[in-house]
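Read the structure below first, then the notes.
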Amino acid sequence: MKPSPEEAWKELQGTIRDIRTEAARVVVGQENVVEQMLAALLCRGHCLLVGVPGLAKTLLVSTLGQVLGLNFRRIQFTPDLMPTDIVGSEILQGSTDGSRHFEFVPGPVFTNLLLADEINRTPPKTQAALLEAMQEKQVTVAGTTRNLSEPFIVYATQNPVEHEGTYPLPEAQLDRFFFQINIDYPSPAEEEEILRRTAGLTMPSAKALLDAEKVQQMQLAVTQVPVPDDVYSLIVRLVQSTRPENPQAPDMVKKYVSCGAGPRAGQCLLAAARAMALLRGRVSVSPAEVKAVLHPVLRHRLIPNYTATGEGVSMERVIDSLM
């Protein structure tokens with residue numbers, strides 16, 4: 001018997017609480033980061049994780065994969081990494097009868113959750129191979145196109161303090177990331193708890209609560225969250241106010257922004273606000289959810305000008321001025 005909408009809603013909210021609880025068994029703190037990563041996944045969006053080494057970026061992604069019952073693969077990006085190291089290649093194989101044939105060996109991109117570690121350490125040619133898979137959800141090798149499994153989400157990491165030997169992603173490619181999530185240092189209490197958990201011989205692990213099919217059902221549920229007309233208007237006003245040529249843009253935008261956000265930012269704001277409303281148990285989207293996702297959606301889509309660079313003004317401050 002099919003459950004009623006009320007029963008389905010209660011079951012979904014119980015599942016979300018279980019996911020948060022299970023992730024917290026492994027990852028100390030970082031509740032906002034986990035929430036944003038989960039929101040992006042429910043919107044089928046890729047994330048760029050920015051943080052110094054040692055802030056559990058790999059642990060965050062692998063734990064999320066374990067809890068959701070998804071396959072997880074990791075690629076360490078290096079200057080000598082080739083596109084075939086990501087998408088796979090055809091290998092010449094020999095048969096017992098002496099004949100030879102090419103056999104496709106899939107690369108690590110054929111997974112559900114892919115961690116692209118230090119994506120800016122590999123040349124643009126290799127970066128493009130991954131970004132094509134992100135955009136098209138397919139790869140083409142030797143003239144044959146192969147679809148990737150669903151769901152397929154990329155979590156790429158960047159180190160904000162190292163610039164030597166890196167190939168920064170162009171702004172057009174950064175725009176393909178749904179969120180840029182900045183990971184901060186833990187609090188003193190959280191850092192002490194990390195020491196206690198990691199002092200023994202065994203590490204806590206998460207158990208699978210869902211599978212790929214159930215995750216796709218949650219992704220479908222996000223698209224059914226109602227959006228009031230005033231929220232649509234709010235998102236349009238916010239995105240347009242990031243463009244310095246707009247007469248109604250805030251003074252901070254006119255002074256410090258070279259290029260504002262495009263229509264894709266509005267699409268991401270809408271989808272992310274829907275996901276955040278679902279994760280927080282709201283039956284429809286409110287301005288509070290839009291505000292909650294404003295920074296991760298816009299911080300990598302606003303291009304600072306020379307004045308902002310010279311005065312050390314971050315885009316975070318500019319985004320604060322929008323609301």
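Keep in mind that this is a model prediction, so the values were computed, not measured.
Within the 3.5 Å criterion, the main-chain N or O of D229 finds a donor-acceptor partner in the side chain of S233. Judged by distance alone, with hydrogens and angles left aside, the side-chain atoms of R299 form a donor-acceptor pair with the main-chain N or O of Q180 at under 3.5 Å. Judged purely by atom type and a 3.5 angstrom limit, Q36 has no side-chain atom pairing as donor or acceptor with the backbone of V293. Judged purely by atom type and a 3.5 angstrom limit, T122 has no side-chain atom pairing as donor or acceptor with the backbone of I119. A donor-acceptor contact shorter than 3.5 Å is absent between the side chain of R243 and the backbone of C259. A donor-acceptor pair under 3.5 Å is formed between the side chain of E22 and the backbone N or O of K207. Within the 3.5 Å criterion, the main-chain N or O of L278 finds a donor-acceptor partner in the side chain of Q13. K57 contributes a side-chain N or O that, together with a main-chain N or O of G51, makes up a donor-acceptor pair within less than 3.5 Å. In this structure, R301 contributes its side chain and A261 its backbone to no donor-acceptor pair below 3.5 Å. Side chain of N246 to backbone of Q240: a donor-acceptor contact under 3.5 angstrom is found.
Summarising the local packing, CD of E150 is surrounded by more than 12 heavy atoms from other residues, nucleotides or ligands at distances under 6.0 Å. Other residues, nucleotides and ligands contribute only 12 or fewer heavy atoms inside 6.0 Å of the NZ atom of K10. E245 CD: more than 12 foreign heavy atoms inside a 6.0 Å radius. Other residues, nucleotides and ligands place no more than 12 heavy atoms under 6.0 Å from the CZ atom of R317.
Here T242 contributes atom OG1 and L238 contributes atom CG; the two are 9.0 Å apart, rounded to the nearest 0.5 Å. Within the model, atoms CG of N112 and CG of L68 stand 9.5 Å from one another, a figure rounded to the nearest 0.5 Å. The CG atom of L220 sits 11.5 Å away from atom CG of L42, with the distance rounded to the nearest 0.5 Å. For the atom pair R176 CZ and M134 CE, the distance stands at 7.5 Å (nearest 0.5 Å). In this structure, CZ in F110 is found 13.0 Å from CG in N71, a value given to the nearest 0.5 Å. A distance of 7.5 Å separates NZ of K214 from OG1 of T15, quoted to the nearest 0.5 Å.
Residue V52 is grouped with residue L60 when hydrophobic side chains (ILVMFWY) are merged at heavy-atom distances under 4.5 angstrom, including chains of intermediate members. Residue Y232 is grouped with residue V222 when hydrophobic side chains (ILVMFWY) are merged at heavy-atom distances under 4.5 angstrom, including chains of intermediate members. If you chain together hydrophobic residues whose side chains sit under 4.5 Å apart, L114 and M82 never meet in one group. Note on I303 and Y167: separate hydrophobic clusters, where clusters join Ile, Leu, Val, Met, Phe, Trp and Tyr whose side-chain heavy atoms are under 4.5 Å apart, directly or indirectly. Residues V231 and L269 fall within the same hydrophobic cluster, defined by Ile, Leu, Val, Met, Phe, Trp and Tyr side chains chained together at heavy-atom separations under 4.5 Å.
Side-chain atoms of T157 and Y155, non-hydrogen and from C-beta on, never get closer than 4.5 Å to each other. No side-chain heavy atom of Q248 sits less than 4.5 Å from a side-chain heavy atom of S241. With a 4.5 Å cut-off on side-chain heavy atoms, L49 and L55 do not count as touching. Residues L41 and L113 form a side-chain contact, since some pair of their non-hydrogen atoms from C-beta on lies under 4.5 Å apart. A heavy-atom distance below 4.5 Å is not found between the side chains of V28 and P186. You'll find the side chain of M218 reaches within 4.5 Å of the side chain of I16, heavy atoms only. Side-chain atoms of R121 and T78, non-hydrogen and from C-beta on, never get closer than 4.5 Å to each other. Residues V290 and M276 are not in side-chain contact: their nearest non-hydrogen atoms beyond the backbone lie 4.5 Å or more apart.
For the residue pair T63 and Q66, no side-chain donor N or O sits within less than 3.5 Å of a side-chain acceptor on the partner.
Smallest separation of non-hydrogen atoms from G262 and V239: O-CG1, 3.7 Å. Between V34 and A23, the shortest heavy-atom contact is CG1-CB, 4.4 Å. A272 approaches V297 most closely through the heavy-atom pair CB-CG2, 4.5 Å. Nearest heavy-atom pair across L12 and A221 is CD2-CB, 4.1 Å. The nearest pair of heavy atoms linking A212 to L70 is CA-CD2, 3.6 Å. What you find for F179 and H300 is that their closest heavy atoms are C-CE1, 3.8 Å.
Under a 4.0 Å N-O distance rule, the pair R196/E193 does not qualify as a salt bridge. For the pair E35 and R20, the salt-bridge criterion is met [side-chain N within less than 4.0 Å of a carboxylate O].
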ask   = Going through the checks in order, is the side-chain contact (heavy atoms from CB on, under 4.5 Å) test met by V67 and V26?
value = CA-CA 10 Å; V67 174; V26 179; over 6 Å; no
message = Using side-chain contact (heavy atoms from CB on, under 4.5 Å), reason through L81 and I75 one step at a time and then give a plain yes or no.
response = CA-CA 10 Å; L81 192 74; I75 304 175; 3.9 Å; yes
Criterion side-chain contact (heavy atoms from CB on, under 4.5 Å) on L298 and L322, from CA distance to verdict = CA-CA 11 Å; L298 292 182; L322 297 178; 3.7 Å; yes
message = side-chain contact (heavy atoms from CB on, under 4.5 Å) for V109 and F152? Distances and angles first, verdict last.
response = CA-CA 9 Å; V109 75; F152 173 69; 3.7 Å; yes
For residues 249-256, dump all side-chain donor-acceptor pairs below 3.5 Å to protein atoms at least two apart in sequence or in another chain.
residue, atom, partner, partner atom, Å
K254, NZ, P247, O, 2.9
Y256, OH, E311, OE1, 2.7

